[in-house]
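Since the structure comes first, as structure tokens, the remarks are kept for the end.
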2 protein chains.
Amino acid sequence: MLDLGRLRALHAVAQHGSVGAAATALGYTPSAVSQQIAKLERETRTTLLERRGRGVALTDAAHLLSATAGQVLALVEHAEVALEEQRGAAVGELRVGAFATAARGLLPATVVRLAERHPQLDVRLVELDPPDCLEAVARGELDLAVTHDWVNAPLAVPEPVSRTRLGEDVADVLLPSAHPLAERDAVEPEDLAGERWICQPEGTICHDWLVNTFRGAGMEPDLAYRIAEYETQLSLLAKGIGVALLPRLGRGALPDSVRAVPFRPTPTRRVFAVWRTQAGRRPAVTATLAALRDCWEQRETA
Amino acid sequence: MLDLGRLRALHAVAQHGSVGAAATALGYTPSAVSQQIAKLERETRTTLLERRGRGVALTDAAHLLSATAGQVLALVEHAEVALEEQRGAAVGELRVGAFATAARGLLPATVVRLAERHPQLDVRLVELDPPDCLEAVARGELDLAVTHDWVNAPLAVPEPVSRTRLGEDVADVLLPSAHPLAERDAVEPEDLAGERWICQPEGTICHDWLVNTFRGAGMEPDLAYRIAEYETQLSLLAKGIGVALLPRLGRGALPDSVRAVPFRPTPTRRVFAVWRTQAGRRPAVTATLAALRDCWEQRETA
DNA sequence: CTTTTGGTTTAGGATCGCTACATGTTGGAT
DNA sequence: ATCCAACATGTAGCGATCCTAAACCAAAAG
């Protein structure tokens, strides 16, 4: 493998026409340049310089080599500049995870905003449950994730992971419009005894919250429909065959056939962004955090 | 000015995925590679590697730098080749890969011939399966490789790789001399129903060919002995406990206790030499191709 | 001839870059 | 819970490298 310094020496001689001039240009003594080129000749087993009168002339091989050396040097210089530029710019691939609701209600806007601000950034999004999010981030499979917790199960982030709170997400009870309670200001567990619930599968926060709260009131909710998909839940609601507890985040506009009524006590979960602390210095990560916060604000004011 | 050696180290880490693998590929210790990259980081005032679990991950800057490093290395290699070409002599190190049979039956003669004709040439030989051969050549870890395909799985060479056909290799059935079919002119699958086969492991061409051909005739071969090593196969044959399908290339003289009988349909594979197209102008490569062709001829006439 | 200009060689000291070995983590196996 | 294997990094030291300085050589100019 040819040495870059020697190539530079040859190139300088080609450009400046003499060993001395090249040496001055490079800040060396002529001796150094002469030695470098002698080494290059030994390495390539080629004659590069020929004495011509008092000066030197380049052989064909030297011209050839000098030409590619010029390209190489330009490339390397370009790379150095690019590095400098890139320091502070958000570029590259960023793998983001988010729980389903956030993936629906928060991330699309964030991805669009990032694409506007940082066209060099390539955001990959994957929907993932909160515990998986955290693991994936810790393992480095994700660069950043949006996750949540709630009071009964606070989020414990492992050592090398940082987090920041984006805000709080409140869940309401969704009722068919024809339901007797549909126009109430708020409802409590006691009001909803005997209802058939549309609920996410076991292990999700909505499920746990519901079961917990009802048991706290000495009751057991009837979880008749275990549905993971948001649209499915909505169409069950629209048919009027059950009630549901659904977070505001990512809920969108409700059809006329469904009403949202606040629940007491208020089901609240805290939404976080998490990332490997080490990667926090990546401009791409800080830019995404900023975009997430912006989009969260915008959502709240809307 | 960035140092080429350090760029190469970074590029190797990017390609091989770990410091250790890169070190092996470059012929250094992991410590050396680690130090090189640490220096590169200091030079560029950039973080390039991040510890991730037991291994490392490249930062955005590192990916960027590695990409241009790849270009630079390609350019430099191109320049080296051009120089050598200009000189016209086959010299330097030439890393050659070959599948097992060729490594046994073709390469030894080739290496000897090359050593006679081009004493300056330093040939390194490594036995490698065909798919690995192709990859290694494409990645530049080998300068040239001898590989093969067969009709059911034609060889697809990636873009920057060239190939030339050396010839065809035919496989025969090997039978114990005492076998009733041992003196036949040819045998067919039907003749060999119920035989216990000595065969190479799954994934090898002999194995696939055998299974394919028998299934085409509505039968299933009984692959009783899965042996990779040629000598072991031969000694099993000599014991008379099975039959085998073995290519003529690299077979050598058979002991009296074993007979070779042609098979119908004839199992044929095409043997190729492959090399990076760019390196094809290296005299060392063309000289080796010539030597390979010569030795193949000689083998056929023998 | 001598001088001037320019390149090469040699000697020597600073630095570099490698290896060997020790250390620190992590993740899987017992 | 504990050990072990895999992997990366830190340290010390030795040999190679690369520079400068100074001597040396060769060609043109006076």
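Below, chains carry the letters A, B, ... as their sequence lines are ordered, and counting in each starts from 1.
For the residue pair B:Asp60 and A:Gly92, the shortest heavy atom distance occurs at OD1-CA, 4.0 Å. Across all their heavy atoms, A:Ala61 and A:Thr46 have their closest contact at CB-CG2, 3.4 Å.
More than 12 heavy atoms of other residues, nucleotides or ligands lie within 6.0 Å of CD in A:Gln15, so this atom counts as buried by the packing criterion.
Rounded to a whole Å, the CG atom of A:Leu40 is 11 Å from the P atom of D:dC18. If you take CG of A:Leu26 and C1' of D:dC18, they are 14 Å apart, rounded to a whole angstrom. In this structure, CE of A:Met1 is placed 17 Å from P of D:dT17, rounded to the nearest angstrom. When the C1' atom of D:dT9 is taken as reference, atom CG of B:Leu48 falls 15 Å away, rounded to whole Å. Across the protein-nucleic acid pair, B:Arg51 atom CZ and D:dA6 atom P stand 15 Å apart, rounded to whole Å. Atom CG of B:Leu4 and atom C1' of C:dC16 are 16 Å apart (whole Å). Protein atom CG of A:Asp3 is 9 Å distant from nucleotide atom P of D:dC19, rounded to whole Å. The distance between atom CD1 of A:Ile37 and atom C1' of D:dC18, rounded to the nearest whole Å, is 15 Å.
A:Gly27 comes within 4.0 angstrom of sugar-phosphate atoms only, judged by non-hydrogen atoms across all strands, and of no base. Nucleic acid contact class of B:Ser18 (heavy atoms, under 4.0 Å, all strands): sugar-phosphate only.
Here the side chain of B:Val19 is nearest to one of C:dG7, D:dT9, D:dT20, namely D:dT9. Closest to the A:Tyr28 side chain, of the nucleotides D:dT17, D:dC19, C:dG17, is D:dC19.
The base of C:dA20 sits with one of its N or O atoms less than 3.5 Å from a complementary donor or acceptor on the side chain of B:Ser31. Between the side chain of B:Gln35 and the base of C:dT19 there is at least one donor-acceptor pair of N/O atoms closer than 3.5 Å.
Tested against A:Phe272, the residues A:Val146, A:Leu166, A:Asp149 include a single side chain to side chain contact (heavy atoms under 4.5 Å, CB included) partner, A:Asp149.
Atom-to-atom distance recorded for B:Arg51:CZ and A:Arg276:CZ is 13.5 Å, nearest 0.5 angstrom.
Along DNA chain C, the nucleotide nearest B:Gln36 and the nucleotide nearest A:Ala138 are compared for position; the residue whose nucleotide lies closer to the 5' end is B:Gln36. For A:Arg6 and A:Arg54, each mapped to the nucleotide of DNA chain D holding its nearest heavy atom, the one lying further toward the 5' end belongs to A:Arg6.
Residue B:Lys39 has no polar side-chain atom (N or O) positioned under 4.0 Å from OP1 or OP2 of C:dC16. Contact annotation: A:Thr29 side-chain N/O to D:dT20 OP1/OP2 distance is under 4.0 Å.
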